[in-house]
Amino acid sequence: MSEQVLTYREALRAGIEQALIDDDRVFLMGEDVGCYGGCYGVSKGLLERYGEHKIIDTPLCESGFVGVGVGAALGGMRPIIEVMTVNFSLLAMDQIVNSAATLRHMSGGQVNVPLVIRMACGAGLQLAAQHSHSWENFYAHIPGLKVLSPATHTDAKHMLIQALADPDPVVIFEHVMLLNTRGDVLENSEVSMEKALVRQQGTDVSLITYGGSLHKALSAAKQLKKLNISAEVLDLRCLRPLDTKAIVASVTKTHRAIIIDEAWLTGSLAGEISAIIMEQAFWHLDAPVKRLCTVEVPIPYPSHLEQAALPQVEQIVTAAQNIMVAR
Amino acid sequence: MTSTPSDKVKSSVAELEDITMPSLGADMTEGTLTQWLVKEGDKVNSGDIIAVLETQKGAIDMEVYSSGTITEILVEPVIEVPVGTILARIALAEPSNKIVKSVVPAVDKVNETSVPVVETSPVNKQVNVLDVKISDVKASPIARRLAKEQQINLTGIIGNGPQGAILLNDLTPLLTDKKQLNSKKLKFAGTTEQNMRNAIAVAMTKSKQEIPHFYLSVEVDITSAQQWLQQQNQTSPPEDHVILLALLLKALANSLVKYPKLNGFYQKDISQSDLPQGDHFEQVSAIHIGNVISLRQGGLVVPAIHDVDKLSITELMQGLRDITERSRSGHLRSSELMDATVTVTNMGERGADSVFGIIYPPQVAILGFGKVRDIVKVVNDDMVIAQVLTLSLSADHRVIDGMLAAKFLNYLAKKLQKPECL
């Protein structure tokens, strides 16, 4: 399989471009996606290359343009809607939850909504409390949606294409801290978008995570290896539906689980995953499940406080050492 | 512990008795079952050896104290459990007239929730002064699942997890694979000495801290005893030779018949822990003398010779040879380590002039025999050479007073003057 090295941003763009080329029904719509090239620069240059019928700038009205996206999808198009960040998506939540996610059900299966909504998420860029949150779990709560969290460059490119092929609405979360990182992009997707992937094999403890926390878990695993702890890193990739089989398989192997989730602890996906482990892998556990989540405060602006609020590599290492203490 | 309906059914069969991990002395807190010599359905008689234990005192043959049929084997070797843990059940051949009935409900094969501590046989009751707490066993889910699958009883396994929880790794050495069994045994060999050292440390510290010891000694002329021995041994083959220790033990046993206050157990009332009102001395009619035997590899064991007062010198001599041999080969029987009523420490020929031992709880006295020495003695204004040894006594002042102890020692010394009457 040939591969190329791209930044995460370029990988996202490559995915959008391929979708635009492959399928005439695909278009990109959102705030500043055209002239400005996207708030995070993902769609830079696309307006020039594909024209204003494919790359559409919208007014600052999330409920409006997401609603238009739902309508376009119902009308047979394959819209990619960019909501600048998950923080603003609350304004479009009615369209996403009450319309996109429910119309197949409400119509008795007569219509479906093949809509893809991309949004940036995560903290770390000093954008303060209104621009830094991780609410993947809000969307992962909603039946009728699929929720993706591409953490690798290959997934950044290919998950969009897989999402567009899905007949139902898919929400994709792009972690802002990944945008400038460089990584290999495989020519094809590794597996279906709904499968979790073991990014690092291990036998002692499962580090279960997704999105922006994956690279933290991987560096923690590296450090743990030096401490003679073999950590398995499971990249969930898809937050709805969760790949429970992969979670159970990993915990069955390692008997210990640490879930790293850049969301607030209470009501987090980490809690959901922990519950799945209790229900399906309880008799394989050799230690209590541990959750590492963001401190329950609005994400602070000052860099040191922002970093202190987020789950960090050192915490993962410590948690793994603690969970292994009686080995 | 909650009893399940099936427990009640079992308990209602009144003739069942629990076979528990014996306390082979106050210093023993747990033992390891290494092998069953019986299986479910086997008929056994009181005194039969039914299992091999690995303890801090080395390998011990475990006896059964009732006759009947083994109905249930509840734990599988190799497993370490606290003293008092139910290992098996026996359906009694005859109705038991024992006062203490089992009050421990039947334990499920995979029960992990409690440590049964109630001693059911009178022998155990006498010597067990340990207060093993009933507590919930903490174990990880996978440890519990594995325990169930492998029929491992989790009670008594020392967990290395948080709050002592039993984790997967605590169980893996116990899995009953032959290979693992062997490696486990090897591991024992390496640690027995340290275990024994620790056990001695715990027991002796406890004894010295709890028991108000006092000490007296008497120098006893054993010239006539030695002469008598020489005469006896001249006419018998070397393997039947009687040694001085046999005489000393016999004289001690006879003296204890006269002074029974030194023979028995000081029982602590566990329920009232610190209040001495509940404590009491329990005089024992049987005279089982524990003999301190030092082992070549270090450490010591104190196996008892039973009913010494009823044995002839020849039988006693056989008993001495037997326990010495078996102490060193590792085939002591559990009863021998459990029921000594008094202890003797004998310094022998290379030892010291006198020895003041530390009482082995719950006993109340330990006799010390120093080495035999020649002295010049004044007899009828004449100097004669006599052989003497120092008899010493460490006694528990909670039970025994100095005058009684002195009378006892002098009586013992007097007995030794007429060895032919022993």
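What you see is a predicted model; the values in this text were computed from it and never measured. To find a chain, count down the sequence lines: A is the first, B the second, and so on, and within it residues start at 1.
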## Note on the structure
So CG of A:Leu285 and CG of B:Leu167: to nearest 0.5 Å the spacing works out to 11.5 Å
### Query
Checking A:His255 against chain B: side chain, backbone, both or neither under 4.5 Å from a heavy atom?
side chain
### Task
Taking all non-hydrogen atoms of both residues into account, name the closest pair between B:Ser140 and A:Ala287 and its distance.
CB-N, 4.5 Å
### Query
What do you reckon, is NZ of A:Lys253 surrounded by more than 12 foreign heavy atoms closer than 6.0 Å?
yes
### Query
Can you tell me if A:Asp286 uses its side chain to pair, donor with acceptor, with the backbone of B:Leu168 under 3.5 Å?
yes
### Query
Considering all heavy atoms of both residues, which atom of B:Arg145 and which atom of A:Trp283 are nearest to each other, and what is their separation?
NE-O, 2.7 Å
